[in-house]
2 protein chains.
Amino acid sequence: MYNRRVSIADLAQQLNVATSTVSRALSDHSDVSEATKGRVRQLAEKLNYRPNHLASGLRKGRSGTLGVLVPHLTGHFFPEVLHTITTEATKAGWHVMICESNEDEHQERKNLDLLLNAQVEGVLVSLASSTRDFGHFEAVRQQVPLVFFDRVPEDPSFSAVVLDDYRGAYQMTAHLIEQGRTRIAYFTGPLHVSVFHHRLRGYREALLAHGLPFEAQLVHESDLSVQAGRQGMAQLLTLSQRPDAVLTAKDVAAVGARQVLEAQGLGVPDEVALASFSNARFTELAAPGLTSVDQQCAALGRAALRLLLEQVRAAGRPVAPCHLLLAPRLLLRESSQRPLHLRKVG
Amino acid sequence: MYNRRVSIADLAQQLNVATSTVSRALSDHSDVSEATKGRVRQLAEKLNYRPNHLASGLRKGRSGTLGVLVPHLTGHFFPEVLHTITTEATKAGWHVMICESNEDEHQERKNLDLLLNAQVEGVLVSLASSTRDFGHFEAVRQQVPLVFFDRVPEDPSFSAVVLDDYRGAYQMTAHLIEQGRTRIAYFTGPLHVSVFHHRLRGYREALLAHGLPFEAQLVHESDLSVQAGRQGMAQLLTLSQRPDAVLTAKDVAAVGARQVLEAQGLGVPDEVALASFSNARFTELAAPGLTSVDQQCAALGRAALRLLLEQVRAAGRPVAPCHLLLAPRLLLRESSQRPLHLRKVG
DNA sequence: ATGAAAGCGCTAACAG
DNA sequence: CTGTTAGCGCTTTCAT
């Protein structure tokens with residue numbers, strides 16, 4: 001039914017040369033005559049020969065494969081990052097194995113096992129939100145280079161690439177203040193996740209730096225779902241003095257907030273400004289366009305891969321853990337910009 | 001720097017048994033004593049032994065890996081399908097290699113090579129939109145089982161799983177007609193892509209079956225981007241008699257259409273009803289919610305994987321090509337439902 | 001219940 | 001320039 005796969009030995013036999021010659025010819029080794037190379041390549045082509053990656057990997061002690069472990073494939077961010085990683089890695093001659101932890105620490109463990117068994121030569125990880133214990137990563141880094149991105153552990157001995165969330169939140173908060181907002185609410189995700197931790201800090205420090213108070217009642221912690229966004233917004237509207245701006249640590253929560261505002265007849269941005277993190281499709285599709293902190297997926301993916309490959313190429317020589325902070329970029333759209341006639345002049 | 005990987009030979013040596021015994025113990029072979037199994041497992045655990053997937057694959061002539069090739073990882077549909085596929089495949093003990101063709105026939109070719117070289121035992125494919133020639137798939141199916149999903153070739157000799165796009169379009173068009181719409185415009189994608197071809201047929205036949213004319217001027221072919229949606233809508237509004245409903249073959253195009261309608265002060269659904277295909281996040285997040293034909297990602301992924309594994313397990317025995325049509329499901333939301341006071345009674 | 005030995009397909013010394 | 005040979009880590013007869 002299926003064709004038997006043709007091996008180097010088959011080619012060698014048909015050409016009356018040694019397997020080693022064929023092997024060398026196929027890898028364009030310098031000390032094979034052009035004539036032989038030609039004959040080998042031609043026959044390989046004709047018989048549709050394909051190198052057995054398992055065999056060469058086994059022999060060379062190199063799988064030529066990298067592992068990537070992400071919490072999930074849905075949404076905007078991870079697919080975008082993965083796209084960059086696979087494209088670049090493939091270009092550099094690597095295979096990539098992608099795993100999903102489904103935000104679950106236990107599946108994260110199992111997937112790491114899977115990757116190590118597949119003999120990956122390096123691993124890129126973005127943490128599951130439920131992960132509290134990092135023992136499984138200790139084991140990994142004793143085997144292969146390991147680089148985290150976006151969702152990274154606090155432990156600075158791990159290499160990591162992240163957006164500068166602190167600065168992103170700081171700058172966005174500052175932007176809202178510059179638009180004349182003085183009561184800025186903030187929707188955060190679980191604070192044990194590093195990104196959310198840093199964003200909250202940025203928010204707070206921007207307030208303080210501009211002489212505004214940090215009020216606990218204006219901060220709402222949740223899973224940042226649409227649902228949570230609605231709840232948070234509804235709660236804020238019960239305050240005696242309602243906020244005039246809302247910053248959410250994730251875009252979908254902003255959608256929920258907006259729904260509530262709309263239902264209450266409160267205009268965006270006139271009465272309440274809205275801003276968030278991430279740059280999913282709908283932040284630009286929504287009307288009015290949602291101001292947000294761009295996640296720079298491509299830059300992040302590229303940086304993480306570059307860092308990993310550096311460590312892989314270091315081939316065992318000790319490498320100091322490296323931390324990359326990507327500068328954030330604000331995408332200012334209508335949802336946060338005070339209409340001209342309402343702006344303070346000067 | 002990195003720990004040397006421990007092999008079966010290492011375990012065997014430390015336990016003073018043969019490698020074959022260790023191998024058998026680890027795979028829980030029936031004729032190894034429980035005592036030995038215990039000792040082996042304990043040491044394996046202690047030394048953090050991990051089976052070398054390359055070596056066992058080479059020896060067994062089985063890689064335990066499946067390949068999946070999709071046009072891209074962005075959007076809603078493919079990530080969702082991939083999630084199902086990887087989850088289910090992993091559960092069944094398979095590795096999964098994911099590749100992106102970036103909608104490009106040439107990259108599709110290269111990725112198939114990559115997968116075959118990795119010795120995958122089966123391949124799931126959703127076609128790049130630029131693919132016209134299917135020679136490369138001929139080569140693939142001579143090596144391993146091959147199943148297409150969603151974007152499939154016309155050639156019926158290939159196994160394929162698709163949503164019943166014809167019925168989806170038919171039912172959705174019928175739904176719009178039942179809501180009292182009589183001039184229903186349709187935005188289609190490139191017609192050489194099978195899904196778009198079938199959807200157009202469904203649209204047309206639903207019209208005819210309900211005694212409505214099929215008018216070429218109401219059909220707009222494009223790449224279905226937001227941009228294209230805007231253009232198409234703008235063009236429709238120049239007609240002497242504007243449509244009272246628009247069906248788009250992809251959700252983002254509907255977003256573009258809606259933007260134009262809004263700008264022109266035309267209400268959705270009051271003046272123009274809107275419906276589309278796919279069930280991306282924003283179809284439900286948008287206000288009013290966008291009526292659409294659900295893509296049933298999970299069902300599709302599961303069916304495709306099941307079909308592939310059947311063929312893989314058939315292990316060379318000839319398998320007749322199989323075609324699965326998944327029944328569509330309409331998600332009726334506000335954008336298509338005529339407000340009560342305007343509906344025909346009866 | 002365990003061991004000895006061969007071999008999956010490939011590459012890399014080493015020899016010529 | 002080409003061939004011979006050994007071996008990567010594992011599984012699987014075939015013996016015992």
Side-chain angles (χ1 to χ4, degrees), chain A residues 2-41 43-44 47-65 93 95 116-121 143, chain B residues 2-41 43-44 47-65 93 95 116-121 143:
Chain A
Y2 298 108
N3 290 348
R4 199 178 75 73
R5 297 184 112 107
V6 350
S7 67
I8 285 193
D10 298 328
L11 300 181
Q13 196 179 16
Q14 293 204 32
L15 292 168
N16 271 312
V17 295
T19 56
S20 47
T21 304
V22 175
S23 171
R24 283 188 282 244
L26 289 171
S27 46
D28 204 23
H29 197 292
S30 66
D31 47 41
V32 174
S33 73
E34 279 307 321
T36 334
K37 278 187 192 170
R39 295 200 307 142
V40 169
R41 283 202 269 257
L43 187 65
L47 299 187
N48 193 23
Y49 164 78
R50 18 193 89 261
N52 186 325
H53 189 254
L54 270 57
S56 78
L58 176 60
R59 175 60 233 245
K60 292 197 282 202
R62 291 203 37 204
S63 67
T65 304
H95 285 193
L116 289 180
N117 291 353
Q119 312 294 116
V120 294
E121 296 181 53
Q143 298 285 344
Chain B
Y2 298 108
N3 291 349
R4 201 177 74 74
R5 297 183 110 107
V6 347
S7 68
I8 285 195
D10 298 328
L11 300 181
Q13 196 179 15
Q14 293 204 33
L15 292 169
N16 270 312
V17 293
T19 57
S20 44
T21 305
V22 175
S23 172
R24 283 187 282 245
L26 289 171
S27 47
D28 203 23
H29 196 293
S30 67
D31 49 42
V32 174
S33 72
E34 280 305 323
T36 339
K37 278 186 191 170
R39 295 199 307 140
V40 170
R41 284 202 267 255
L43 186 65
L47 298 187
N48 192 25
Y49 165 78
R50 15 192 91 263
N52 185 327
H53 189 254
L54 271 57
S56 76
L58 176 59
R59 174 61 233 248
K60 292 198 283 205
R62 291 203 37 206
S63 66
T65 304
H95 285 194
L116 289 180
N117 291 352
Q119 312 294 116
V120 294
E121 295 180 52
Q143 298 287 340

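The distance between atom CZ of A:Arg62 and atom P of D:dG7, rounded to the nearest whole Å, is 23 Å. B:Arg50 has its CZ atom 16 Å from the C1' atom of D:dG9, to the nearest Å. B:His53 has its NE2 atom 20 Å from the P atom of D:dC8, to the nearest Å. Nucleotide D:dC1 holds its P atom 18 Å from the CG atom of A:Leu15, rounded to whole Å. In this entry the distance linking CG of A:Asn117 with P of D:dG9 reads 15 Å, nearest Å. Distance, A:Asn16 CG to D:dC1 P: 20 Å, rounded to whole Å. Atom P of nucleotide D:dC10 and atom CG of A:Leu58 are separated by 9 Å, given to the nearest angstrom.
On the nucleic acid side, DNA chain C has its first and last nucleotide under 4.0 Å of a heavy atom of chain A at C:dG9 to C:dA13, going 5' to 3'.
When the side-chain nitrogen and oxygen atoms of A:Ser20 are compared with OP1 and OP2 of D:dT4, none of them lie within a distance under 4.0 Å. Between D:dC10 and B:Ser23, no contact under 4.0 Å exists linking OP1 or OP2 to a side-chain N or O.
Contact check on B:Asp10 versus B:Arg5 returns no salt bridge, with no Lys/Arg side-chain nitrogen under 4.0 Å from an Asp/Glu carboxylate oxygen.
Once rounded to the nearest 0.5 Å, the distance linking OG1 of B:Thr21 with CG of B:Leu11 reads 12.0 Å.
The rotation axes computed at either terminus of the helix from C:dA1-D:dT16 to C:dG16-D:dC1 lie 40° apart, taking five pairs at each end and rounding to 10 degrees.
Each of D:dC1, D:dG3, D:dC8 was ranked by its minimum atom distance to the side chain of A:Arg59; first place goes to D:dC8.
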Residues A:Ser20, A:Ser23; criterion side chain to side chain donor-acceptor pair (under 3.5 Å); working and verdict: CA-CA 5 Å; A:Ser20 47; A:Ser23 171; over 6 Å; no

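In terms of the side-chain hydrogen bond (donor to acceptor under 3.5 Å, both in side chains) criterion, A:Ser27 has no residue partners (sequence neighbours excluded). Listed by chain and residue number, B:Leu43, B:Leu47 satisfy the side-chain contact (heavy atoms from CB on, under 4.5 Å) test with B:Gln14 (two or more places apart in sequence, or in another chain).
Residue pairs meeting the salt bridge (Lys or Arg N to Asp or Glu O under 4.0 Å) criterion with at least one member in residues 14-30 of chain B, sequence neighbours excluded, are B:Asp28-B:Lys37, B:Asp28-B:Arg41.
Using a 4.0 Å cutoff on non-hydrogen atoms, the parts of residues 24-32 of chain A near DNA chain C are A:Arg24, ordered by number.
Within 4.0 Å of A:Ser56, counting heavy atoms only, lie sugar-phosphate atoms of the nucleic acid but no base atom.
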